[in-house]
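Report on the following structure.
First the proteins, then the strands, lettered A, B, ... as listed; each starts at 1.
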Amino acid sequence: MGQVLVLGLINAGIYAVFALGVVLVYRGTGVLTFAQGEIGTLGLYVAYVLVTEQHLPWLVGAAGALLVTTALGAAFELLLVRRMVAADPVSTAVLTVGLGLTILACEFFFFGASPRVLDPPFLAASFTVAGVVVTPTQVAALVVALALGFGLQAVLRRTDFGLGILAASQDAAAVRLVGIPLSRITLVLWSGGAFLAGLAALLVEPTVGTVTPGYASELFVVGLAAAVIGGLTSLPGAVVGGVVLGIAESAASRYLSDANIPGLRYVTVFAVLLAVLLYRALAPELRRRLAPAPAGATA
Amino acid sequence: MTSAAVRPLRLQVGRLPVPWTVVALLLAAVVPPLAGGTALLSDTHALVLAKGAGFAMAALSLNLLMGYAGQISLGQFAFVGIGAFVTGMVTGVEDLRLPWLVGVLAAAAAGGLLAFLVGLPALRLRGLYLAVVTISVAYVCWQGLFRIESIGGGSAGKVIPRPYVGSSSFSSNADFLALALVALVVVWAVDAQVTRTRIGRAFRAVKADEQVAASFGIDVAATKLLAFTLAGAMAGVGGAVYGTAYGTVTGDTFDYATSLLLVVIVVVGGLGSRAGVVIAAFFTVLLPDLLVALFGSGIRGLDLVLNGVLLMLTVAFNPEGMAGAVRHSRELRRQRRGGEPPLPPTRPHLPDLGRPAGMPAPRKTRPGTAVLEARGVSVRFGGLQAVDGASLRVDRGTIVGLMGPNGAGKTTLFNALSGALTPDSGTVHFLGEDVSALPPHARAARGMGRTFQLIGLAKDQSVYENLLIAQHLAAPYGVLAALTSLGSRGWEKQVRERADHTLDGLGFGRFRNTPVGRLSHGQQRIVEIGCALVTSPELLMLDEPSAGMSPAAAEDLAATLLDIRDQLGRTVLLIEHNVPLVLGTADELYVMDTGRVIADGEPGEVVTRPEVVTAYLGQAVTA
């Protein structure tokens, strides 16, 4: 039980950071982004080039990775999102699909399909919790996720810039009229989302030690589901979604290990996701059935 | 100058009887075997093209979903995989050894069934949930399902034998290519057939605007589910062909990236354009070899990069894709030849078409029963009490006005009456029946017609097409009839006749094939009223019909409203700001302010009441 919890929380942080990027962009622009996973993988390849090929310190590689991913998010917003002919959220979502596919294709083209080794930063410093070996980056992932989930929420609610973001998602035209710089808001959101994607990938990488094309997308699938489970607009919700899926996954692999189900991670995520959506679709109906006599209907 | 210029466009959605692409595909299917197979095409090229045919079917399936119904699947290639593996399980030497055709049908059934099960929870909610769920499906299939030994055949892969008829088999690639292209033509034909029917129209209506579609009686959730299920079945057939072309497939044949490639094909080819999508599919399959042939093998893999970039550029700068570009250049050419001069339509003279045969007769009520009666309706949006215990009554054969300053809650009340939103409390009775718990499409079926403040029409569709969409309930044939065109012809004839009559009555004959979005605002209003009336509803609910009209047009509108009441004998509930229009037409007037009904009665008297004047003009400053 304790083991399931610890293993679940280790992954939960990673999923949550991916989910936070999705929610951040969605909350401010109404666009669901599908490129987060590949942006993250790209960051890892940048770190690989700097650390493994150029023999620079790990932290320099990490900084480079975050710099490149953030810049990519900004460039994407400036060069494409901003200039779209039909700028509806669905078209922009398809645009992010294009970005993800382009990056994935570039990874294959420049680095090939075979895994590249990127050594973890603090190899020796692992410790044991409830019989599970835990590394510092795994702890860091959870801490970062929690801090970001609640910290970003506070920024949104408490600062003028954050309130501008919230207002922009309600009525972009009105926001522009009262003088809030909308273009700066969207630029920050897209670069921030890309930064979080890079961060999530960097946090999981030391656990695995290698990079392959499409690697972070496999985690992003779970992060995206976590964002949806958390309600898509709530930053703490995204963290909760990550925790739910992380624990569900570790529980499934603990108790269903004999069944030998391939792709168990995705099967679990898929099952939880469908259950949540089904519940949400049926909730209004259930509430009506379960509610006592409708109040105020006797006018 | 002449009307000969008004030729239907080939690449537009849903109006191509036998386009050249089908002819070309059929020729391509027939010629190689006749010419001795490998004589014309090398074996390798035939194989690539056969895979292309499977790919094209998969792309058509996604086009049906994205281009017609406006839903996104990012895991469509998983359904292709399901089709391939099921075909292998049905036809395989070590499995059931059934004929290939049975395998194809089983592939269609499996793809459709999976889509149905996945879509059931995902499509009840509005938004991009299907996209999220289908990504999971892609990973579950690729990393999970297809790695199960009995389905995917393990690391060796699943063998899918080529079909045979008697002694002749399709083992040569050129022969199988012919079969693959025939399958593609069949899928194309079914696709084309569906788009011509009420089901295809429902897809397009849902894509244009879900709320508007529901007001025409279209069950939005069921329509989206049907689109996804049909797309799953089509992808299954594509998988049967794709897998049989390969001969042996593994789970990695159906990875996530290829699902994204299908999105590229559909968007770049042009959403909703079969021809564009099929051409793009073949091009995509041929591209890798083409690049290698041109630039050498160092370039291998660059095709996927190009595809990704192409998708981004298309979405950002040319959202209508290849087909859109072709269409625009044709329209430009036609305009240069001197297109149709727009004529101002005459005042509409609406024909009384009667209740269509396909719709249930409106409920019989006792004399004195109101057509519509709302009691104590309240709607709350977060912290805002938009409608607060509003009650109103609309009697048969009257025009009832609903006025109130901006934000008074008129449209919210309208939405609660038509079912577009569920009130927190209160009841709505229509023709004596409690419809409070019914969704909007069910209320439309009972004889409620409505228009919208921001024009409730599918703007990208023609006037005529909108009149057909509006008659969704008047042609109640099922999916099977739509797929095969059996049993749907009679209904379609009736629906088209009614549309033609209405078109003439409105005086909009010249604009028959004009997309609604290109008409003036006032013209769109008239078309919208025509669409609301084409099924002869008992009650017509109009949300600010004169908004954006010139004073002269508003006067015409007043006359039309009186016609609707006196000539057609309909009942009208009318939201309006135009006081002369309301005073000139309404038999009774309700006034709302801050969510409550503050006055009702004879219109001329109501507008002079102090509380009404205050609501509109504010409190008098003098004490």
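Proximity to chain B among residues 35-45 of chain A is not found for any residue, judged by heavy-atom separations below 4.5 angstrom.
Using a 4.5 Å cut-off between heavy atoms, A:Leu264 makes no contact with chain B at all. For A:Tyr279, no part lies near chain B; criterion is any non-hydrogen pair under 4.5 Å. Both the backbone and the side chain of B:Val133 have a heavy atom closer than 4.5 Å to some heavy atom of chain A. Proximity to chain B (any heavy atom under 4.5 Å) is shown, for A:Thr96, by neither the backbone nor the side chain. Of the two parts of A:Ile261, neither the backbone nor the side chain holds a non-hydrogen atom closer than 4.5 Å to a non-hydrogen atom of chain B. Using a 4.5 Å cut-off between heavy atoms, B:Ile72 contacts chain A through its side chain alone, with no backbone atom that close. The part of B:Ile299 that comes within reach of chain A is its backbone (N, CA, C, O), which places non-hydrogen atoms under 4.5 angstrom from that chain. Using a 4.5 Å cut-off between heavy atoms, B:Val377 does not touch chain A at all. With a 4.5 angstrom heavy-atom cutoff, B:Val263 touches chain A only via side-chain atoms. Of the two parts of B:Val264, only the side chain, counted from C-beta on, holds a non-hydrogen atom closer than 4.5 Å to a non-hydrogen atom of chain A. For chain B, the nearby part of A:Val228 is the side chain; its heavy atoms alone come within less than 4.5 Å.
Closest heavy-atom contact between B:Leu128 and A:Ala93: CD1-CB, 3.7 Å. Residue B:Pro121 comes nearest to A:Ala281 through the heavy atom pair O-CB, 4.3 Å, listed as atom of the first residue, atom of the second, then distance. Between A:Leu104 and B:Ala257, the shortest heavy-atom distance links the atoms CD2-CB, 3.6 Å. The minimum heavy-atom distance linking B:Val315 with A:Ser91 is given by the pair CG1-O, 3.2 Å.
Note: A:Leu32 CG to B:Tyr129 OH = 8.5 Å, rounded to the nearest 0.5 Å. Taken from CZ in B:Arg124 to CZ in A:Arg280, the straight-line distance is 15.0 Å, to the nearest 0.5 Å. Residue A:Leu95 holds its CG atom at 7.5 Å from CG of B:Leu311, rounded to the nearest 0.5 Å. Atom CG of residue B:Asn307 and atom OG1 of residue A:Thr102 lie 9.0 Å apart, to the nearest 0.5 angstrom.
For A:Arg116, the side chain to side chain donor-acceptor pair (under 3.5 Å) partners at least two apart in sequence or on another chain are A:Tyr48.
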Checking B:Phe317 against A:Leu80 for the side chain to side chain contact (heavy atoms under 4.5 Å, CB included) test, could you report, in this order, the C-alpha distance in whole Å, the side-chain angles of both residues, the deciding distance, and whether it holds? CA-CA 9 Å; B:Phe317 303 114; A:Leu80 290 169; 4.0 Å; yes

Worked verdict on A:Tyr266 versus B:Ile135 for side chain to side chain contact (heavy atoms under 4.5 Å, CB included): CA-CA 10 Å; A:Tyr266 308 109; B:Ile135 293 182; over 6 Å; no

Could you please spell out the steps behind the side chain to side chain contact (heavy atoms under 4.5 Å, CB included) verdict for A:Phe34 and B:Leu74? CA-CA 10 Å; A:Phe34 296 105; B:Leu74 295 181; 3.7 Å; yes

Given side chain to side chain contact (heavy atoms under 4.5 Å, CB included), test A:Phe76 with B:Met312 step by step and report yes or no. CA-CA 10 Å; A:Phe76 182 63; B:Met312 288 197 286; 4.1 Å; yes

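The number of heavy atoms from other shown groups lying within 6.0 Å of CZ (A:Arg82) is above 12. Within a 6.0 Å radius of CG in B:Leu313, other residues, nucleotides and ligands contribute more than 12 heavy atoms. Crowding of A:Phe111 atom CZ: a count of heavy atoms from other residues, nucleotides or ligands under 6.0 Å exceeding 12.
A 4.5 Å side-chain heavy-atom check between A:Phe270 and B:Val118 finds at least one atom pair inside the cut-off. Within the 4.5 Å cutoff, no side-chain heavy atoms of A:Val267 are placed close to those of B:Tyr139.
Screening A:Val272, A:Val222, A:Leu273 for a side-chain contact (heavy atoms from CB on, under 4.5 Å) with B:Ser136, the sole residue that qualifies is A:Leu273.
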